[in-house]
*Asks:* 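Encoded as structure tokens, here's the structure I'll be asking about.
The residues of the chain are indexed from 1 along the displayed sequence. Just so you know, these numbers come straight off a predicted model, no measurement behind them.
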Amino acid sequence: MPTTSTSTCDSARTLDPPVDRTPLGVEITTGEETPARLPGEASPHPAHRLLARDGGEYLFVGLRGGARPDTAAPAPTVAHRPLDALDLRLAPGDVCFYDVHRAPALDFREPFRATTFLVPADLLGLADSDVRRIARTPVARASRLGTLLSPLLSDLARATAEARPPVGEMLAWNAVNLLATLAAEQLGTAVPGTRGTPEALGAPGAHSPVLGRVLEYVELHLTDPDLSPEVIARAHHISVRYLHKLFKDEGTTVGRWILRRRLEECRRDLMRYGRGGRTIAAVAARWGFLSATHFSRVFRSAYGMSPREWRDTAGRGARSGQR
């Protein structure tokens, strides 16, 4: 399970406390010190700086390699140079994503506290281009999601360190889910017009209140095998035809969205539990798949490998990260 190191000093130095990984390959570190650099796999990138004037707590999310391949067309040239002379100004409570291979340099005027999450990019469903883009757009503490999730992530980091292994692992998993939500939000709004499909945005209907309520309902009922357009429409007092129109306007369908979300949750559970946890059939059934054969077929179609291959590959990655 992850651990926390807490100490205080007035001079900046590297934040390097002892940290254990969760089985997911996630590290969560909090410190009262003022680190001279963020955890990374290379020296700080000289052209990428994080600037801050005030003390307080700042949250950083280091994204490790192993992100899923890009499936969309190549982005414009500027998207491949996200760290050229990039200065980002932060305020206390902001959440800043960064690539551990190109960690930014820190330029903070006052002593501060750093809470750092090191997470495999694949756990958040991020492609390489997503990592480059999200490193440009910190989540402001004053934003809608920042106001809600920044203090919660901070509390989760401390609680994870104090909990016993089974509970700590569950708390770490909750943190991963929250970070995935933040990432999807940022990628949907950071660079308008560059991700035109709902599949790319991470969630359709960001501007439709009705569709927003529908999506929330779907999230709460993903495990129900009877979840269907008819059930959803009836729960929201709208016609099935109107429901289909809402999704069509976003370039997707109700069934496609439900299938995608179920597959994402299955993929995470297979990585999370590995060989020693639930069977593949049990994971599929938990997320509303009635047929294990159907689940295997649609999983392979979506990810290019069978559920068993994904579980074994993800398990090896988590074990190698613990060495």
Side-chain angles (χ1 to χ4, degrees), residues 1-9 14-33 35 38-40 56-64 66 93 95 97 100 112-125 145 148-183 219-220 222-223 264-287 310-323:
M1 62 169 284
T3 61
T4 298
S5 175
T6 303
S7 58
T8 305
C9 69
T14 301
L15 179 64
D16 191 23
V19 179
D20 295 329
R21 290 175 184 261
T22 70
L24 293 170
V26 177
E27 296 179 9
I28 304 176
T29 304
T30 66
E32 296 295 336
E33 298 188 37
L38 295 173
E57 183 181 26
Y58 294 77
L59 292 86
F60 305 97
V61 184
L63 299 170
R64 289 193 164 108
V95 183
F97 291 83
V100 297
F112 68 97
R113 291 177 291 120
T115 294
T116 305
F117 300 83
L118 297 180
V119 185
D122 191 69
L123 269 186
L124 305 186
L145 275 181
L148 175 66
L149 298 186
S150 176
L152 185 54
L153 285 166
S154 177
D155 291 343
L156 275 174
R158 288 191 294 270
T160 299
E162 298 168 359
R164 295 187 177 184
V167 176
E169 291 167 11
M170 290 295 296
L171 292 172
W173 185 247
N174 288 336
V176 168
N177 286 330
L178 293 178
L179 292 172
T181 300
L182 280 178
E219 289 298 305
L220 293 174
L222 276 178
T223 58
E264 288 174 343
E265 294 301 333
C266 287
R267 188 175 70 153
R268 289 182 179 180
D269 272 7
L270 290 170
M271 174 181 278
R272 176 183 177 186
Y273 294 112
R275 284 182 173 272
R278 296 186 175 104
T279 65
I280 291 173
V283 169
R286 180 192 179 198
W287 291 106
W310 165 255
R311 182 191 64 186
D312 294 346
T313 301
R316 284 197 300 271
R319 288 192 296 274
S320 64
Q322 291 175 332
R323 293 170 186 160

*Asks:* Can you find a pair of side-chain heavy atoms, one from L171 and one from E162, that are under 4.5 Å apart?
*Replies:*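 No; the side chains remain at least 4.5 Å from each other.
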*Asks:* So, using ring pair (Phe, Tyr, Trp, His ring centres under 6.0 Å) as the criterion, who are the partners of F97 when residues are at least two apart?
*Replies:*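 With sequence neighbours excluded, F97 shows a ring pair (Phe, Tyr, Trp, His ring centres under 6.0 Å) to no residue whatsoever.
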*Asks:* Work out which heavy atom in A157 is nearest to a heavy atom in F117; give both atom names and the distance.
*Replies:* CB-CZ, 4.1 Å
*Asks:* What is the distance from atom OG1 of T279 to atom CG of L270, rounded to the nearest 0.5 Å?
*Replies:* 9.5 Å
*Asks:* Write down the atom of V176, the atom of L124, and the distance for their closest heavy-atom approach.
*Replies:* O-CD2, 3.5 Å
*Asks:* Can you name the closest pair of heavy atoms from V26 and P120 and give their distance?
*Replies:* CG2-CD, 4.2 Å
*Asks:* Can you measure from CG (N177) to CG (L182) and round to the nearest 0.5 angstrom?
*Replies:*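 The distance works out to 11.5 Å.
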*Asks:* Indicate yes or no for a side-chain donor-acceptor contact from T160 to the backbone of L156 under 3.5 Å, with no hydrogens or angles considered.
*Replies:*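 Yes, the answer is positive, given that a donor and an acceptor are paired below the 3.5 Å cut-off.
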*Asks:* In Å and rounded to the nearest 0.5 Å, what is the CD to CH2 distance from E264 to W287?
*Replies:*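 It comes to 11.0 Å.
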*Asks:* If I take atom CG from residue L118 and atom CG from residue L38, how far apart are they, to the nearest 0.5 angstrom?
*Replies:*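 Nearest 0.5 Å value for the CG-CG distance: 9.0 Å.
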*Asks:* Would you name the heavy atoms of L148 and L152 that are closest together and state the gap between them?
*Replies:*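 What the structure gives for the nearest pair is O-CB, 3.8 Å.
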*Asks:* What pair of heavy atoms forms the shortest contact from I280 to R311, and how long is it?
*Replies:* CG1-NH1, 3.9 Å
*Asks:* Would you say F60 and T29 make side-chain contact, with heavy atoms under 4.5 Å?
*Replies:*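 Sidechains of T29 and F60: no contact.
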*Asks:* Work out which heavy atom in R64 is nearest to a heavy atom in V100; give both atom names and the distance.
*Replies:*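 Answer, listing the atom of R64 first, then V100: CA-CG2, 3.8 Å.
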*Asks:* For G93, does its backbone N or O pair with a side-chain atom of S150 as donor and acceptor, under 3.5 Å?
*Replies:*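 Confirmed, S150 side chain pairs with G93 backbone.
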*Asks:* In sequence, state the C-alpha distance, the side-chain angles, and the governing distance for L153 and V61, and then conclude on side chain to side chain contact (heavy atoms under 4.5 Å, CB included).
*Replies:* CA-CA 11 Å; L153 285 166; V61 184; over 6 Å; no
*Asks:* When rounded to the nearest 0.5 angstrom, what is the spacing between OG1 in T223 and CD in E265?
*Replies:*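 Spacing of OG1 (T223) from CD (E265) equals 10.5 Å.
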*Asks:* Just verifying a value: how many Å separate R286 CZ and L222 CG, rounded to the nearest 0.5 Å?
*Replies:*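 Going from the CZ atom of R286 to the CG atom of L222 covers 10.5 Å.
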